[in-house]
Undergrad: 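To start, I am sharing the structure in question, which I have written as structure tokens.
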Amino acid sequence: MTPVNKADKLSPDASEKGDLSMPAKVDMDKIVSLCKRRGLIFPSSEIYGGLASCWDYGPMGVELKRNVRDAWWKTIVHERADVVGLDTSIMMHPGVWAASGHIDSFTDPLVECKSCHLRWRATEMKGERCPKCGGELTEPRMFNLMFKTSMGPVEEEASTVYLRPETAQGIFVNFDNVITTTRKKLPLGIAQIGKSFRNEITTGNFIFRTREFEHMELEYFVKPGTDEEWLDYWVRERFDWYVKLGIRKENLRLRQHGKDELAHYARDCYDIEYLFPMGWSELEGIANRGDFDLIQHAKHSGRELGYYDAEAGEKYVPYVIEPSAGVDRSVLACLIDAYDEEEVEGEKRTVLHLHRSLAPIKVAVLPLSRNEKLTPLAKEVFNRLCPNFVTDYDDSQSIGRRYRRQDEIGTPFCVTIDFESLEDKQVTIRERDSLAQIRVPVEGVGKILEAKLKGEAFDASALWATRQK
Ligand code: GAP
């Protein structure tokens, strides 16, 4: 493994700090409105007026979010022999958070307006006055971001527990369990996807910063001394993952944390930033956590948390490289990057050019009309496709409107059944991006779509030849 100069290879402007003046192609309101209109994301508890910073994923959003999670899990866990998965509880022994430093150090400086009592993150303040009403601000005080609750049926007797602010600690406290039961050798990664909770002082920008969100975290345990090379490796891997998901490279960049902004556990850290509508902002952090966590948990729990390297005949406490991403933030970046407004035959169409692996619906079966003669063949096509792909069946409204709906949720392929189909048993496949239409035999439509959804070229002549026999 050769260390890379990350700044040279991955991002031409990696040395720049967050540049909020950079224009982006789509404003957030358009994304929020599309998400509401097409059942991707709704405000939480909307019929009660909503709950600040909480969002619900609708029928299309739940598929998109699941696809993002699955893409991460496939790359990080299933396609590697050196990573295993884990699913740990959200509430953990309070000692975990004392050991990890979250009780003492997981804080943000908060200032409050003396007149309207709004609270702000001190680090985000540009002037000395309240941005809302211009009132005088209090001195900054530290505010812990962990949500507290109590465990047990009687509140007075209950002990305080915290909702986890990161999934990472569930991995560290299970390090020994995993090593013992899998008998894997280092370097070894342990991966987890799950909800995390942070009582953020300021939230906003839709699902960018919320108080409840989902983490995708990998803790990659390595021999001390190899950690810097592994940090390079994971920065590169993670950057490439977003590109493979279809995010444009020019909308991604890398930024190394300054010494003054490193988290209490980190020796080094890089952010992968995305050009969100509000400017370049963090999409994922990749940190070198050293041996901080295992040493702390060993000290606080009294259990030894080391590794015996049988080949080298030595014992050590591994260092940890941690790529830590947000599911919701990745969903948002994918939506923004895929969003487009185009003019097609004099009409505006809004389209999500989502990568086919992320599209909530892969294929929509659309009979030209609801005419009862078309229904049996259309249903037959649907039944052929739905065991293999997430397939929608829609026969309401005009065909034009139905195409528009599918374009707006990013469906890569529509299959149309018309009156000619009844005669020649052929249907039309319409591609979302090129708008190309091809006519194919009903019995081949599944094979063609399978190849197309895998990104493979498909030689239709073989199909026609089989048919003619
Ligand atoms: N275990 C390390 C850790 O949690 P982080 O930089 O605080 O590091 C990692 O978070 C990622 O989690 C961020 O890059 C972001 O994608 C996501 N994230 C963090 N806080 C978030 C929030 N309040 N809302 C949505 N996503 C968040």
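Numbering of ligands and ligand atoms starts at 1, following listing order.
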Undergrad: Which protein heavy atom lies closest to atom 6 (O) of ligand 1, and at what distance to 0.1 Å?
TA: Glu282 OE2, 3.0 Å
Undergrad: Run the ring pair (Phe, Tyr, Trp, His ring centres under 6.0 Å) check on Tyr274 and Phe276 step by step: do they pass?
TA: CA-CA 6 Å; Tyr274 177 73; Phe276 287 96; 5.0 Å; yes
Undergrad: Indicate whether any N or O donor in one side chain lies under 3.5 Å from an N or O acceptor in the other, for Ser196 and Glu166.
TA: no
Undergrad: Tell me, which protein residue and heavy-atom name are nearest atom 12 (O) of ligand 1, and how many Å apart are they?
TA: His215 NE2, 3.3 Å
Undergrad: Give the ring-plane orientation class for Phe172 versus Phe221, where under 30° counts as parallel, over 60° as perpendicular and anything between as tilted.
TA: perpendicular
Undergrad: Answer yes or no: are there more than 12 heavy-atom neighbours, outside His93 itself, under 6.0 Å from its atom NE2?
TA: no
Undergrad: Answer yes or no: are there more than 12 heavy-atom neighbours, outside Glu304 itself, under 6.0 Å from its atom CD?
TA: no
Undergrad: Which of the atoms in ligand 1, numbered in the order shown and given with their element, are less than 4.0 Å from a heavy-atom of Gly285?
TA: 14 (O)
Undergrad: When you look for heavy atoms under 4.0 Å from ligand 1, do you find them on the side chain of Arg211, its backbone, both, or neither?
TA: neither
Undergrad: Is the number of heavy atoms from other residues, nucleotides or ligands within 6.0 Å of NZ (Lys195) greater than 12?
TA: yes
Undergrad: Around atom 18 (N) of ligand 1, find the nearest protein heavy atom and jot down its residue, atom name and distance.
TA: Phe213 CE1, 3.5 Å
Undergrad: Which of parallel (below 30°), tilted (30 to 60°) and perpendicular (above 60°) describes Trp230 and Tyr220?
TA: tilted
Undergrad: So do the side chains of Ile90 and Phe197 get within less than 4.5 Å of each other, counting heavy atoms only?
TA: yes
Undergrad: May I ask you to identify, for Glu284, whether its side chain, its backbone, both or neither come under 4.0 Å of ligand 1 on a heavy-atom basis?
TA: backbone
Undergrad: Relative to ligand 1, is Leu283 under 4.0 angstrom through side chain, backbone, both or neither, heavy atoms considered?
TA: backbone
Undergrad: Rounded to the nearest 0.5 Å, how far apart are OH of Tyr233 and CD1 of Ile321?
TA: 12.5 Å
Undergrad: Distance to 0.1 Å, residue and atom name: give those for the protein heavy atom nearest to atom 25 (C) of ligand 1.
TA: Phe208 O, 3.1 Å
Undergrad: Report yes or no: does Thr210 have a heavy atom closer than 4.0 Å to ligand 1?
TA: yes
Undergrad: State whether the shortest distance between N or O atoms of Ala168 and N or O atoms of ligand 1 falls below 3.5 angstrom.
TA: no
Undergrad: If we only consider heavy atoms of Tyr265, is any one of them less than 4.0 Å away from an atom in ligand 1?
TA: yes
Undergrad: If you measure from each heavy atom of Arg289 to ligand 1, is any distance below 4.0 Å?
TA: yes
Undergrad: Hey, looking at atom 4 (O) of ligand 1, which of Glu322, Gln169, Glu219, Arg198 has the closest heavy atom?
TA: Arg198
Undergrad: What protein heavy atom sits nearest atom 8 (O) of ligand 1, and how far off is it?
TA: Ser324 OG, 3.8 Å
